[in-house]
Amino acid sequence: MNENWYDIIGYEGLYQYSNIGLIRSTERIYIHRFGVKATLKSKIIKQHYINGYLLTTLTKGNKRKHICV
């Protein structure tokens with residue numbers, strides 16, 4: 001089975017989901033608080049169960065949002 005990645009609506013360019021249920025952050029360049037450019041590498045986001053629901057946390061700007069997977 002091939003794993004395909006798709007952008008999450010509202011988080012385009014930040015996070016992607018796969019057809020097998022994984023969520024990852026995308027590789028991107030950002031400016032560190034001291035004005036230095038840094039690279040954030042792509043990685044799989046951890047998921048956890050709360051009350052029987054599989055959840056993960058996504059961040060956009062300075063706001064976090066918990067979403068069901």
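What you see below is based on every heavy atom in this structure, not just the backbone, and it leaves out hydrogens, waters and symmetry mates.
- Although no hydrogens or angles enter the test, the distance criterion places no donor-acceptor pair under 3.5 Å between the side chain of Lys60 and the main chain of Leu14.
- Two different hydrophobic clusters hold Val36 and Ile29 under the rule that ILVMFWY side chains link at heavy-atom gaps under 4.5 Å.
- By the neighbour-count criterion of 12 heavy atoms within 6.0 Å, atom CD1 of Ile44 is densely surrounded, having more than that number from other residues, nucleotides or ligands.
- At most 12 heavy atoms of other shown residues, nucleotides or ligands fall within 6.0 angstrom of atom OH in Tyr53.
- Looking only at distances, a side-chain donor or acceptor of Tyr15 sits under 3.5 Å from a matching main-chain atom of Thr59.
- Scanning both residues, Leu55 and Cys68, for their nearest heavy atoms gives CD2-SG, 3.5 Å.
- Tyr17 approaches Asp7 most closely through the heavy-atom pair CE2-O, 3.6 Å.
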Apply side-chain contact (heavy atoms from CB on, under 4.5 Å) to the pair Thr26 and Ser42, showing each step before the final yes or no. CA-CA 5 Å; Thr26 57; Ser42 179; 5.5 Å; no

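- Between the CD1 atom in Ile67 and the CD1 atom in Ile23 there is a gap of 4.5 Å [rounded to 0.5 Å].
- Side chain of Asn19 to main chain of Tyr6: no donor-acceptor pair is present (N/O by atom type, distance under 3.5 Å, no hydrogens or angles).
- Of the possible donor and acceptor atoms, none in the side chain of Glu3 sits under 3.5 Å from a partner among the backbone N and O of Leu22.
- Distance check: Thr56 OG1 to Gln47 CD gives 5.5 Å after rounding to the nearest 0.5 Å.
- Taking the six-membered ring where tryptophan is involved, the planes of His66 and His48 are perpendicular, since the angle between them exceeds 60° and thus also 30°.
- A heavy-atom distance below 4.5 Å is not found between the side chains of Thr57 and Lys65.
- Below 30°, between 30° and 60°, or above 60°: for Tyr30 and His32 the angle between ring planes is between 30° and 60°, a tilted geometry.
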Set out, in order, the CA-CA distance, both residues' side-chain angles and the distance that settles side-chain contact (heavy atoms from CB on, under 4.5 Å) for Ile8 and Gln16, then state yes or no. CA-CA 5 Å; Ile8 296 177; Gln16 295 179 328; 5.6 Å; no

